[in-house]
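Just below is one structure, and these are the notes that go with it.
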There are 2 protein chains.
Amino acid sequence: MADIYRALADPTRRAILDELIKREGQTLFEVCGRLAMAHGIASSRQAVSQHLAVLEEVGLVRTERQGRTKLHWFDGSPLKSIVSRWPIPRGKSKS
Amino acid sequence: MADIYRALADPTRRAILDELIKREGQTLFEVCGRLAMAHGIASSRQAVSQHLAVLEEVGLVRTERQGRTKLHWFDGSPLKSIVSRWPIPRGKSKS
DNA sequence: AGGATAGGCAAGTCGTACCTTGCATTTCAA
DNA sequence: TTGAAATGCAAGGTACGACTTGCCTATCCT
């Protein structure tokens, strides 16, 4: 894979990005819990771990190890390639 | 499906959007030819037709029938939902 | 009318993304 | 040092997306 568009194609991964924005530096377990709370997504720990790995691979998530935990941050820089590729009209999105 | 993120996940569909920007109101056969010329993509007519259907379903492509041909236009409006969902830093994209 | 052109529809195949299962690794705490 | 907590790794299963194949419909031209 290794493609920002494919990374964004999964709804669970998009929800993960949403949660990482609400609170920075979350651990894997924190993300799991918040997914269940705010989105009703009951993904297993391994599933979320793999999603985070995909997001990290394309640069949408940056990580830092602290002891036995791993903290995750959202990084929107890769999204710039989407914005610059196609013309986007101004104004509010209708949805 | 019916999801702009899934629609953008396919490289061929992204190339189709690129070509529709270069020249507006293209027919199915024009898109096929330009994909082969500019991107080296040798997709069959049916494959391109299905891709266009997906893009139209999510609003990234608008169409208009003219006799026995069907013309296609790019519409970037749905992309606004991506921009407004996550914070995107300013500046040029690194890639 | 008849052929040719442009496109649509539907069933089937195949690859792969997503998830699970099980176990291994690293770190902290008593 | 022993157990528990947080995460990593790898193989297997399953479902869905992308493509093909075959045939059908609609429109234009002579």
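In what follows, every chain begins at residue 1, and chains take the letters A, B, ... in the order their sequences are listed.
- Between Asp18(B) and Leu20(B) the shortest side-chain heavy-atom distance does not fall below 4.5 Å.
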Atom pairs under 3.5 Å, N or O on each side, protein against nucleotides 2-6 of chain C: can you list them with distances?
unit_1	atom_1	unit_2	atom_2	d
dT5(C)	O2	Arg68(B)	NH1	3.3

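- Remark: Asp3(B) engages Arg14(A) in a salt bridge, criterion side-chain N to carboxylate O under 4.0 Å.
- Heavy-atom minimum distance, Val31(B) versus Gln26(B): N-OE1, 3.7 Å.
- Between His72(B) and Ser43(A), the residue anchored closer to the 5' end of DNA chain C is His72(B), taking for each the nucleotide with the nearest heavy atom.
- Between His51(A) and Gln46(A) the shortest side-chain heavy-atom distance does not fall below 4.5 Å.
- The side chain of Ser44(A) places an N or O atom within less than 4.0 Å of a non-bridging phosphate oxygen (OP1 or OP2) of dT20(C).
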Quiz item: Can you check salt bridge (Lys or Arg N to Asp or Glu O under 4.0 Å) on Glu57(A) and Arg6(A), steps first, answer last?
Solution: CA-CA 11 Å; Glu57(A) 192 180 5; Arg6(A) 285 213 135 87; over 6 Å; no

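- Listed by chain and residue number, nothing satisfies the salt bridge (charged side-chain N to carboxylate O under 4.0 Å, His left out) test with Asp10(A) (two or more places apart in sequence, or in another chain).
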Which atoms of nucleotides 23-25 of chain C (N or O only) lie under 3.5 Å from a protein N or O atom, and what are those distances?
none

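- Separating the CG atom of Leu52(A) from the P atom of dA6(D) is a distance of 16 Å, rounded to the nearest angstrom.
- In this structure, Ile16(B) places its CD1 atom 9 Å from P of dC19(D), rounding to the nearest Å.
- Annotation: salt bridge (charged side-chain N to carboxylate O under 4.0 Å, His left out) contacts of Glu19(B) (sequence neighbours excluded): Lys22(B), Arg34(B).
- Grouping the Ile, Leu, Val, Met, Phe, Trp and Tyr side chains by contacts below 4.5 angstrom, directly or via other members, places Tyr5(A) with Trp86(B).
- In this structure, Leu35(A) places its CG atom 15 Å from C1' of dC19(C), rounding to the nearest Å.
- Residues Val48(B) and Thr12(B) fail the side-chain proximity criterion, which asks for heavy atoms closer than 4.5 Å.
- Glu64(A) has its CD atom 14 Å from the P atom of dT7(D), to the nearest Å.
- The interatomic distance linking Gln50(A) (CD) with dG12(D) (P) rounds to 15 Å, in whole Å.
- Salt-bridge formation is not detected for the pair Glu24(A)/Arg62(A): no Lys NZ or Arg NE/NH1/NH2 atom is positioned less than 4.0 Å from an Asp or Glu carboxylate oxygen.
- No donor-acceptor contact under 3.5 Å links the side chain of Gln66(A) to the base of dT27(C).
- At dC19(C), one or more side-chain N or O atoms of His51(A) fall inside 4.0 Å of OP1 or OP2 (strictly under the cut-off).
- For the pair Arg45(A)/Leu28(A), a side-chain contact is recorded, criterion being any heavy-atom separation below 4.5 Å from C-beta on.
- Here Arg23(B) pairs with Glu30(B) under the salt bridge (charged side-chain N to carboxylate O under 4.0 Å, His left out) rule; sequence neighbours left out.
- For the helix from dA1(C)-dT30(D) to dA30(C)-dT1(D), the angle separating the two terminal helix axes comes to 20°, with each axis derived from five pairs and the value rounded to 10°.
- In this structure, the OH atom of Tyr5(A) is 18 Å from the P atom of dA17(C), given to the nearest Å.
- The distance from atom CD of Glu30(A) to atom P of dA5(D) is 16 Å, rounded to the nearest whole Å.
- Atom CD of Glu56(A) is separated from atom C1' of dT7(D) by 13 Å (rounded to the nearest Å).
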